[in-house]
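Inspection log for the structure reproduced underneath, given as structure tokens.
All residue numbers in this chain count up from 1 along the given sequence. We use all heavy atoms of the structure for the numbers below, so side chains are in, but hydrogens, waters and symmetry mates are not.
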Amino acid sequence: MKRILSILALLGAVVTASAQVSYLEMVESRAQSAPEYIAPQSLTPAEGTDQYMELRGREVLLFDYKKPSNGTVVFTAENLIMSYAKSPDGTMALYEMWDGESPREEIYRHSYISDYYVACPDGSKIRIDDVRDVCFSPDSRYLAMSYRNDIFLYNLVTNDIFNITDDGNWNHIINGTTDWVYEEEYGFTKAYEFSPDGSEIAYLKFDESRVKEFEMMRFDNKLYNTAYRFKYPKAGDENSIVTLHVYNIATGETRQVDTGEETDQYIPRIGYTPAGALFFYRVNRLQNHFEVVLVAEDGSQRVIYDEQDERYVERPNDKTITFIDGDRFIVREETTTGWFHLYLHSITEGRLNAITEGEWEVTDFVGMAPNMKSLYYMSTEQSPLERHLYTINLDGSDKKCLLSKPGYWRVFPSADMSYFAAEHSATDCYPTAAVYNNKGKLVRSLMIDEPSAVEPTYQRVYATFTTERGDELQYFLIYPENFDAHKQYPVLMTQYSGPGSQEIANRWTTDWEETLARNGYIVACCDARGTGYRGEEYKKVTYGNLGYAEVEDQLSFARHLAAQPFVDASRLGIYGWSYGGFMALGCALKGDGLFKMAIAVAPVTSWRYYDSIYTEIYNGLPQDNPEGYDNNSPINFADRLSLNTRLLIIHGTADDNVHFQNAMEMCRALNRAGKQYDMMVYPDQNHSMRPDDMVNIRQKMVDYCLANL
């Protein structure tokens, strides 16, 4: 602390000793003041009941949603339980244990292999080592898993284990799990599904042989560093060829399902309808044409849903299509009206009707009501800054808001949709948690200690301003404690700005920037054009030109702030991580001295370096749109860094998402331009600065702001 103060004194910074607060001090202060509660997302609904399971150390406890209790112990392990799942018939359990050292070995950011145990009805247990993506079959006869890129089935009746694929090979063939880019951008790793009766298993095969390898250097405190190579398709380059296969468990035969003549496409989901029909999603390479294809028992196919847009169709996920019976399904889409809404479709008749409508967005389809005549969803109808739970009939009638208190709600329904475990927060309201019934009535609290009145050391205010181009943008300011409008304060702009994202929301949030507010700084944040939840046109305005409109808007916001009487215009800074890091660089370089300081963490510095799915959906192919890739990439205008702007670049060397290459090429460009900058490198850390340096980097950024802003 004294070291920081001496540096600040030398620099002449106007920050007093009494104002110095470290990142950890801020975190500890937050932890002491925030109420404790049972996190709704940690509750696992017990299938077929109105109860839920909760992991507590070495035990799994069963609770009722409707009444508080100490819980009933349903399972006890020898060590700390990391994950737990019951078999569909309720007689067995699948779990991971922590025996002092995590059994999980990370593959990429979201995937890992681990050791699993099956608790059997007779009290014995089965251990299976070094597998991933494990699950029970619907009839509880089998346990499916991936091992070294092949799919294995464990017969829980006969204790036999056998493989259903045998060509899996690292960096070549993957069966039943996804490649890197599907995992990162389509958000799933388990690429197989059992049929509802458990008689067959459908799976995706990824042929990565034509995908180029990327190499990362690992140091790991060893005498000799090692190279880690994995397949990573960059924008415009070749992807995996993905095929769909079905294995019949009784006959042992595998058939390949026709997914169309085009192989340069995506199959981002597979599954079965409640009636047992196989279906798969199909998306073209440009990602402006999305189809759902149904496969009949005789092998014939038909497209039951087709969505197209001249720019792009938002990446589909598990909630895009939801089958509710043998014929009907719910679709969440935005291309019809320009706003995300729910529609009822029929396999045989096509679209039946719109369920929701209006200039607001359905953000999540929560599920069907027990009567199967109405459903639940989350939306922005009250404000794009908020989320609320609604119910509505399938014909669009009798809409009701069930959780209407202003703020940001997250809900986690029971298995039978009778109850919702819900979390609520707002800017001026600590997060709270409770259980509600499906009519929106409070059933019981999930609070361990009740919240007191919020007395933050700062004030957060929301406002809008209009840019020079006439666009109205929303932002917030966090004022420091004892803010005096007659004084001038330094300002740090924090932002992300990526397509479809949102930073301006009426919810309780905190991160390292709050430390600056506690040290006498104003923290500002603005959602630029291209961000989400304000309609399709607002979001897609950045298509084909990533980083142009967003940088324009953030520079306009900086000029707006500089014009405020309580802002010291000579002390503006900007920060961002990942896409936000790309933006922080773009603003610092194109700002021509507007910013005194900029921090870019794990930034994309050229869209040519980033992956195919994410980059191409928003920017097209680089072969077709070179200007959209090059004109806004920071490495191409490094010479514009002003002598008045102090720049810090931070990156982890084991970042498998935004490669360290981005930082190195930015450094090369700055060096060639004769520019000075600062850099912080985190050896063997990934995109989130895991596993070791999540705290260190935040304190580094606090220190850098205190010293240079």
Side-chain angles (χ1 to χ4, degrees), residues 1-34 456-460 476-483 489-496 503 508-525 561 567-568 570-578 580-581 583-585 587-588 595-603 645-652 663 677-682 685 687-690 692-709:
M1 193 69 72
K2 290 181 179 178
R3 180 186 63 80
I4 295 173
L5 289 174
S6 63
I7 292 173
L8 294 176
L10 288 171
L11 294 173
V14 187
V15 181
T16 64
S18 62
Q20 292 295 296
V21 178
S22 72
Y23 170 68
L24 281 179
E25 288 171 338
M26 184 276 292
V27 171
E28 290 170 358
S29 173
R30 267 281 178 255
Q32 291 171 1
S33 58
T457 57
Y458 62 82
Q459 177 188 10
R460 183 192 297 242
F476 69 66
L477 299 179
I478 299 176
Y479 293 125
E481 185 178 15
N482 301 320
F483 171 75
Y489 296 83
V491 178
L492 176 73
M493 288 171 49
T494 178
Q495 49 71 53
Y496 180 73
E503 298 294 305
W508 187 267
T509 58
T510 183
D511 202 346
W512 73 273
E513 301 98 321
E514 183 186 323
T515 312
L516 293 182
R518 296 189 179 210
N519 281 301
Y521 289 70
I522 291 173
V523 177
C525 183
L561 291 172
V567 170
D568 184 344
S570 68
R571 297 174 67 192
L572 292 179
I574 187 167
Y575 149 80
W577 193 312
S578 193
M583 286 290 298
L585 282 173
C587 291
F595 296 101
K596 184 179 181 183
M597 184 216 71
I599 301 175
V601 183
T645 302
R646 193 71 181 266
L647 172 63
L648 173 63
I649 300 171
I650 302 177
H651 219 122
Y677 56 93
D678 298 308
M679 191 164 190
M680 190 74 169
V681 175
Y682 287 92
Q685 301 300 287
H687 193 59
S688 303
M689 298 305 169
R690 290 176 53 205
D692 303 316
D693 292 322
M694 295 176 67
V695 172
N696 185 287
I697 183 178
R698 284 162 172 78
Q699 187 60 53
K700 172 63 181 179
M701 293 189 291
V702 170
D703 292 347
Y704 197 81
C705 290
L706 294 177
N708 296 286
L709 188 56

- prompt: If we only count heavy atoms from C-beta on, is the Ile522 to Pro480 side-chain gap below 4.5 Å?
  reply: yes
task: Tell me, with the steps shown, if Ile650 and Met701 meet side chain to side chain contact (heavy atoms under 4.5 Å, CB included).
output: CA-CA 9 Å; Ile650 302 177; Met701 293 189 291; 3.9 Å; yes
- request: Please examine the side chains of Val601 and Met680, heavy atoms only from C-beta on, and report whether any two atoms are closer than 4.5 Å.
  value: no
query: Can Leu477 and Val491 be said to form a side chain to side chain contact (heavy atoms under 4.5 Å, CB included), step by step?
result: CA-CA 9 Å; Leu477 299 179; Val491 178; 5.7 Å; no
field: Closest non-hydrogen atom pair between Asp568 and Pro490, with its separation
entry: CB-N, 4.4 Å
Test item: Ile478 and Leu516 side chains (from C-beta on) under 4.5 Å apart, heavy atoms: no
statement: Rounding to 0.5 Å, atoms CG (Asn708) and CZ (Arg571) come to a distance of 11.0 Å
message: With side chain to side chain contact (heavy atoms under 4.5 Å, CB included) as the test, pick out the partner of Met597 among Leu647, Leu492, Leu648.
response: Leu492
Heavy-atom closest contact (Lys596 atom, Leu709 atom, distance): CB-CD1, 4.3 Å
task: Kindly determine whether Ile574 and Met583 satisfy side chain to side chain contact (heavy atoms under 4.5 Å, CB included), including the steps that lead there.
output: CA-CA 9 Å; Ile574 187 167; Met583 286 290 298; 6.0 Å; no
task: Check Arg646 against Asp678 and note the closest heavy-atom contact, atom names and distance.
output: NE-OD2, 2.7 Å
- request: Could you grab the distance from atom CZ of Arg518 to atom CD of Gln20, nearest 0.5 Å is fine?
  value: 14.0 Å
- prompt: How would you list, by chain and number, every residue that makes a side chain to side chain contact (heavy atoms under 4.5 Å, CB included) with Val27, sequence neighbours excluded?
  reply: Tyr23
task: Kindly give the heavy-atom pair with the smallest separation between Ala584 and Ile599, and that separation in Å.
output: CB-O, 3.5 Å
query: Does Tyr704 reach the side chain of Tyr575, with side-chain heavy atoms less than 4.5 Å apart?
result: no
message: Measuring only between side-chain heavy atoms, which start at C-beta, is Ser22 closer than 4.5 Å to Gln699?
response: yes
- prompt: Nearest heavy-atom pair of Cys525 and Thr494: which atoms, and what distance?
  reply: SG-O, 3.1 Å
field: Gln685 side chain reached by Ile697 side chain, heavy atoms, under 4.5 Å
entry: no
message: Testing the basics here: between Tyr521 and Cys705, what is the closest heavy-atom pair and its distance to 0.1 Å?
response: OH-O, 3.4 Å
field: Partner of Tyr682 by side chain to side chain donor-acceptor pair (under 3.5 Å), out of Asn696, Asp692, Asp693
entry: Asn696
message: When you compare the side chains of Arg698 and Thr515, does any donor N or O come within less than 3.5 Å of an acceptor on the partner?
response: no
- prompt: Does the side chain of Glu503 come within less than 4.5 Å of Thr509's, by heavy atoms?
  reply: no
- request: Side-chain contact test, heavy atoms from C-beta onward, threshold under 4.5 Å: evaluate it for Met493 versus Phe595 and give yes or no.
  value: yes
message: Centre-to-centre under 6.0 Å for Tyr489 and Tyr479, is that the case here?
response: no
query: Counting only N and O atoms by type, is there a donor-acceptor contact under 3.5 Å from the side chain of Trp577 to the main-chain atoms of His687?
result: yes
